[in-house]
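Contents: one structure, followed by commentary.
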Amino acid sequence: MHMADALLSPAVAGTMYAASGIAAGYSIKKGRKYNQPEKIPVMGVTGAFVFAAQMINFTIPGTGSSGHLCGGMLLAGILGPEAGFLTMIGILFIQCLLFADGGLLAFGANVWNMAFYGCFVGGMIIWRLFMKNGMSKGKIIAASVLGSIVSLQLGAFSVTLETLASNITELPFPVFVSVMQPIHLVIGLVEGLITAAVLVFVYEARPQLLWCYHGNDVKNRISPTGIVAIFAVVAAVIAGLVSLYASAFPDGLEWSIEKVAKTAEPGAFGGVYDIAGKIQNAASVLPDYQFAGNTSPAGTSFSGMIGGIVVFALCIALCYGLKLFRKKKSDGQA
């Protein structure tokens, strides 16, 4: 659901930057109150995992379209909505800058559409509501599926509203909505099932890592280091190998645009669009997750591995730079 710059007017793009910036500021403030240093490496490795998972487009049968994990709901279930949101910003930033996935002008809108709803609606509202009186596998599955569906529906609807408010493309709002919502309903269901599978695994292996878990008498099957190692290995396998078998069909947004406007790549030129494009072209060393001018599968594998490493490093840097999950000093320490 990565929006291109051509869908947004500068005014709408600026508004979405501001909205996402406010949510990021709130997340930083709240994230500094956590006292869970063991989640610092978890934030890095789950960020890398979600980056890798987003490379896997799955086919939506009978449509000629595909979908991919957004990941906000998954990250919120492990890290909490605030840290999950900041992790998603890191993932989307790397995708935008290094791989030209989503427009630079549209970055604020993509953060809002793909990260805010998953983390704050799916996580802070739906996940927390389900886990209010205790956690179980059934509750995890129900919350994951419902949270992912609602988040994707809100994200898809926001895309259509932002496009309508921009009024620079030939995408009639009623028709665009009628195409966007059903396809993202299916994508949300698949994302919910994937999210549920991952979070149930964490619940079975080390439930204390899940946000809103308050149990005490639990026998952990896997150590925190083991969890980090498992996520790292799975992320590497997905990014380096499974990504080669991703669906070649356009994703839900591209498919919807093509259905309505008969083109998957609407254009907007001049002024701020040219500036944003030049910056992105200069920064994107692996455009479309490929070596420049080369469609070799090696480029996809290399992009996935490098992207995962960069996301991991960026998330760790965010933790220390923004003082997230940092252990507080006791009164006796200087």
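Side chain of N220 to main chain of S223: no donor-acceptor pair is present (N/O by atom type, distance under 3.5 Å, no hydrogens or angles). Between the S247 side chain and the N57 main chain, no donor and acceptor come within less than 3.5 Å of each other. Distance alone, capped at 3.5 Å, is enough to place a donor-acceptor pair between the W127 side chain and the W211 backbone. With R32 contributing its side chain and K323 its backbone, the two residues share no donor-acceptor pair below 3.5 Å. A distance-only check finds no donor-acceptor pair linking the side chain of Q95 to the backbone of A100 [under 3.5 Å]. Side-chain atoms of S66 come within 3.5 Å of backbone N or O of P250 as a donor-acceptor pair. Distance alone, capped at 3.5 Å, is enough to place a donor-acceptor pair between the Q280 side chain and the C96 backbone. Remark: the backbone N or O of L209 is not paired with any side-chain donor or acceptor of E38 at under 3.5 angstrom.
To the nearest 0.5 Å, atoms OG (S166) and CG (L7) are separated by 8.0 Å. With rounding to the nearest 0.5 angstrom, the OG atom of S151 is 7.5 Å from the CD atom of E191. Between atom OG1 of residue T225 and atom CZ of residue R206 there is a gap of 9.0 Å, rounded to the nearest 0.5 Å. With values rounded to the nearest 0.5 angstrom, T300 atom OG1 is found 11.5 Å from Y245 atom OH. For the atom pair OG1 (T163) and CD (E170), the distance works out to 13.5 Å, reported to the nearest 0.5 Å. Put simply, CE on M73 and CG on L152 are 11.5 Å apart, with the number rounded to the nearest 0.5 Å.
Across all non-hydrogen atoms, the minimal contact from Q290 to S296 is OE1-O, 3.0 Å. The heavy-atom pair separating I94 from F99 by the smallest distance is O-CD1, 3.5 Å. Across all non-hydrogen atoms, the minimal contact from F325 to A83 is CZ-CB, 3.5 Å. Heavy-atom minimum distance, I56 versus S243: CD1-CA, 3.2 Å. When every heavy atom of S20 is checked against every heavy atom of G108, the shortest pair comes out as OG-O, 2.7 Å. The two residues M114 and C70 make their nearest non-hydrogen contact at CE-SG, 4.0 Å.
Within the 4.5 Å cutoff, the side chain of Y213 has no heavy atoms near those of the V202 side chain. Between M180 and V177, every side-chain heavy-atom pair lies at or beyond the 4.5 Å cut-off. Side chains of L324 and Y34 form no contact here, defined as non-hydrogen atoms less than 4.5 Å apart. The shortest distance between side-chain heavy atoms of V260 and P172 falls below 4.5 Å. Contact of the C212 side chain with the F130 side chain is not registered, since no non-hydrogen atoms from C-beta on lie closer than 4.5 Å. In this structure the side chain of Q208 never reaches within 4.5 angstrom of the side chain of Q36, judged on heavy atoms. Here the side chains of M3 and M16 are not in contact, with every heavy-atom distance at 4.5 Å or above. The shortest side-chain heavy-atom distance between M131 and H214 does not fall under the 4.5 Å cut-off.
Both L86 and Y26 belong to a single network of hydrophobic side chains, linked directly or stepwise wherever heavy atoms of I, L, V, M, F, W or Y lie under 4.5 Å apart. Hydrophobic clustering of Ile, Leu, Val, Met, Phe, Trp and Tyr side chains at less than 4.5 Å, counting indirect connections, keeps I309 apart from L286. Tracing side-chain contacts under 4.5 Å through hydrophobic residues (I, L, V, M, F, W, Y), one reaches L104 starting from I275; they form part of the same cluster. Cluster membership check: I89 shares its hydrophobic cluster with L322, using side-chain heavy-atom separations under 4.5 Å among Ile, Leu, Val, Met, Phe, Trp and Tyr. Note: the hydrophobic cluster containing F51 does not contain M305 (ILVMFWY, side chain heavy atoms under 4.5 Å, direct or indirect links).
For F312, there are no ring-ring contact (aromatic ring centres under 6.0 Å, His included) partners, not counting sequence neighbours.
Residue-environment remark: NZ (K259) stays at or below the threshold of 12 foreign heavy atoms within 6.0 Å. The environment of D274 atom CG is dense: over 12 non-hydrogen atoms of other residues, nucleotides or ligands sit within 6.0 angstrom.
Side chains of S158 and Y117: a donor on one and an acceptor on the other come within 3.5 Å.
In this pair, F107 and F93 present their aromatic rings perpendicular. The plane angle is above 60°, beyond the 30 to 60° band. Between F116 and F85, the angle of the ring planes goes over 60°, which puts this pair in the perpendicular group of the 30/60° scheme. The aromatic rings of F302 and F291 are tilted relative to each other, their planes meeting at an angle between 30° and 60°.
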Ignoring hydrogens and angles, write down the donor-acceptor pairs under 3.5 Å from the side chains of residues 135-150, residues two or more places apart or on other chains.
{"unit_1": "S136", "atom_1": "OG", "unit_2": "K139", "atom_2": "N", "d": "3.2"}
{"unit_1": "K137", "atom_1": "NZ", "unit_2": "E204", "atom_2": "OE2", "d": "3.3"}
{"unit_1": "K139", "atom_1": "NZ", "unit_2": "G134", "atom_2": "O", "d": "2.8"}
{"unit_1": "S144", "atom_1": "OG", "unit_2": "I140", "atom_2": "O", "d": "2.7"}
{"unit_1": "S148", "atom_1": "OG", "unit_2": "S144", "atom_2": "O", "d": "2.8"}

task: Would you please test L210 and I78 for side-chain contact (heavy atoms from CB on, under 4.5 Å) and show each step?
output: CA-CA 4 Å; L210 293 176; I78 297 175; 4.1 Å; yes

task: I would like to know whether N113 and E162 meet side chain to side chain donor-acceptor pair (under 3.5 Å); could you show each step before the answer?
output: CA-CA 10 Å; N113 301 336; E162 290 152 7; 2.9 Å; yes

message: Working note: V285 + I306, criterion side-chain contact (heavy atoms from CB on, under 4.5 Å); need CA distance, chi angles, decisive distance, verdict.
response: CA-CA 11 Å; V285 294; I306 290 298; over 6 Å; no

field: Candidate pair V198 and F49, rule side-chain contact (heavy atoms from CB on, under 4.5 Å), full reasoning
entry: CA-CA 11 Å; V198 174; F49 174 82; 4.0 Å; yes

message: Quick one, F157 with Q153, criterion side-chain contact (heavy atoms from CB on, under 4.5 Å). Give me CA distance, side-chain angles, the key distance, then yes/no.
response: CA-CA 6 Å; F157 191 61; Q153 286 294 286; over 6 Å; no

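The ring pair (Phe, Tyr, Trp, His ring centres under 6.0 Å) analysis of residues 173-200, with sequence neighbours excluded, yields no pairs.
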